[in-house]
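Heads up, the thing below is written out as structure tokens.
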Amino acid sequence: MKKDGTSELDMFYPIRSECHADIPKTRFKLRAGKTLSARRWRAAFSEDGHLDIAKVLRRIQRGGVHPSIKAVVWEFLLGCFDPNSTFEDRSQLRERRREMYGTWKAECQKMVPAIGSGKFITAPIITDGGQTNEESSTNSDLQDQNGVMSTHLPDSSLDCGGHVNNAVSDNKVIQWKRSLHQIGLDVVRTDRVLVFYESETNQAKLWDVLAVYAWVDNDIGYIQGMSDICSTMVILLENEADAFWCFEHAMRRLRENFRCSTSSIGVQAQLCTLSQIIKVIDPKLHQHLEDLDGGEYLFAFRMLMVLFRREFSFVDTLYLWEVSNIDWFQLMWAMEYNPNIFTSYEGPRDATDSGFAPKINHKLLKQYGEFERKIVTTGRREQHSALAVFLVASILETKNKQLRKKAKGLDDIVKILGDITGNLDAKKACKDALKIHKKYLSKTNKS
């Protein structure tokens, strides 16, 4: 890390030359002695592979993660691997997961041959009633000589009208196939300023991962915004199956953000929590927002939906999700890291959802991220009190005077908050978020 920190980052995540003027300036810089380096990462493992996660988190909170090791570090932060596992344990688990992903992808490919072909779909391939759309196409030339793409299910599963015969799987297959072109349209728009996505192969890789995920998690399927989360995994992890599992573990935290119905949106509970927080810590600002019909806080929808993914440059977003104690960016994952995350993800779901509060292990407590540590020690955990909500609250507090003086309607609120892109002191915002969290707990405890 002897090179200029920004120029080295540009080598890892190059921007298309014609797009430099259209994106926020990257503020983050690699810092020798603070950023988690490959050398310090290797030194954090025991001889058989046990990871000293507490040491790693301290380093991440000081200066983020070097791009050369970001992929393997994220696998631990997201709970893909247990820090207490060995090298051999992880190798076997990785192999099993790759085989499982390969099986799911093969299932999908039998239904839609475009998957795994290096191409992707951008036009509907099936009608609402389950009829194959004969005018569907891929992003390029995965078509027959008549211009019609081969997207039918295997012949044995179709009747003479082109419908799926199996009544049990009809709805799942139809809903999934209906989502594929929307995934393709979003893939074209996602991170298009990056050189990485000039490659159609890389775009198809992102489409494949999202398509397989939508098939596996048919309860939620695919919702717009998921591509913003998944893209980072696809860019960082060369192996497609590994990228899928990182995305899948990230979605275990975020999937409720994307659960939408005709009567509610996925982040509605978080927006309600945000409203409650501002009402408690800043009643005047909350009242002003209510007077402008902004009391439901829908203007914060995008920030919470994709964790500020579109508010910052790609590099800054990566660090935003990782770190807390650097000049420009808030911590996300490292501050919320829970050393039991792997066990909670791999163990029985009813055990993790029971609400049982184990006795505090003070030695283990050192391994928690700062925000999560406060939650554990206070014993207060509201379902939707994620750090991201308090970060939005800190941003609103930062813009308090401007919002109260200049905002005359919802459009003004959106504009004022939109002007923050690339200009936030995220280190301060993170510290303010923790202060707001403490203040909020103090006030609610008194009441």
Side-chain angles (χ1 to χ4, degrees), residues 21-28 225 228 257 265 267-321 323-332 335 371 384-444:
D22 302 324
I23 60 173
K25 180 181 178 181
T26 295
R27 306 281 183 172
F28 179 77
D228 291 294
N257 285 7
I265 57 176
V267 297
Q268 189 165 10
Q270 293 184 64
L271 293 173
C272 289
T273 300
L274 176 63
S275 174
Q276 180 184 0
I277 291 169
I278 298 299
K279 185 176 182 179
V280 169
I281 66 169
D282 195 337
K284 291 183 179 179
L285 176 59
H286 176 77
Q287 185 60 53
H288 181 64
L289 294 175
E290 276 208 328
D291 292 342
L292 301 179
D293 291 328
E296 294 183 349
Y297 289 73
L298 291 174
F299 50 80
F301 173 86
R302 190 176 72 180
M303 293 183 195
L304 293 172
M305 183 79 158
V306 293
L307 295 181
F308 307 91
R309 181 64 179 81
R310 301 178 190 176
E311 273 67 42
F312 297 87
S313 70
F314 179 76
V315 170
D316 289 353
T317 302
L318 299 183
Y319 285 88
L320 172 68
W321 288 358
V323 298
S324 62
N325 200 21
I326 52 178
D327 285 347
W328 288 95
F329 301 100
Q330 311 98 311
L331 152 112
M332 294 295 285
M335 258 179 93
F371 184 78
H384 303 285
S385 62
L387 178 60
V389 178
F390 288 95
L391 285 170
V392 177
S394 73
I395 292 172
L396 291 175
E397 280 296 275
T398 299
K399 295 292 183 178
N400 180 316
K401 292 182 180 179
Q402 197 172 355
L403 286 168
R404 290 174 60 186
K405 289 183 178 180
K406 297 184 178 181
K408 307 299 181 184
L410 287 177
D411 289 343
D412 294 331
I413 297 174
V414 172
K415 183 179 185 306
I416 290 169
L417 294 180
D419 290 341
I420 69 174
T421 301
N423 296 313
L424 274 177
D425 182 338
K427 178 182 177 181
K428 181 178 183 300
C430 185
K431 290 182 177 179
D432 289 347
L434 290 173
K435 290 179 181 178
I436 289 174
H437 180 252
K438 183 177 180 180
K439 182 180 179 180
Y440 174 69
L441 289 181
S442 175
K443 285 181 174 290
T444 52

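Values below: all heavy atoms of this structure, side chains included; hydrogens, waters and symmetry mates excluded.
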Is there a side chain to side chain contact (heavy atoms under 4.5 Å, CB included) between Q270 and V392? Walk through the geometry before answering. CA-CA 10 Å; Q270 293 184 64; V392 177; over 6 Å; no
Return the minimal non-hydrogen interatomic distance between Q402 and I416, and the atom names on each side. O-CD1, 3.7 Å
For H286, all residues meeting side-chain contact (heavy atoms from CB on, under 4.5 Å), sequence neighbours excluded: S275, I278, K279, E290, Y297
Does a side-chain heavy-atom distance below 4.5 Å link R302 with F308? no
Distance col, row E397:CD vs K435:NZ, nearest 0.5 angstrom, shows 12.0 Å
For S394 and D432, the nearest pair of non-hydrogen atoms, with its separation, is CB-CB, 3.8 Å
Donor-acceptor pair, side chain of H288 and main chain of A407, under 3.5 angstrom: yes
Taking atom CG of L403 and atom CG of D412, what is their separation to the nearest 0.5 Å? 9.5 Å
Heavy-atom pair with the smallest gap, counting every atom of G409 and L292: N-CD2, 3.9 Å
Per side-chain contact (heavy atoms from CB on, under 4.5 Å), F390 is matched among I436, L274, I395 by I436
Minimum heavy-atom distance W321-L307, with the two atoms named: NE1-O, 2.9 Å
Which pair of non-hydrogen atoms, one from L304 and one from N257, has the smallest distance, and what is that distance? O-ND2, 3.0 Å
Flag the pair L285 / R404 as yes when at least one side-chain heavy-atom distance between them is below 4.5 Å, and no otherwise. yes
I'd like to know if the side chain of S442 reaches the main chain of K438, judged simply by a donor and an acceptor atom lying under 3.5 Å from each other, with no hydrogens or angles considered. no
Nearest 0.5 angstrom please: Q276 CD to I281 CD1, how far? 11.0 Å
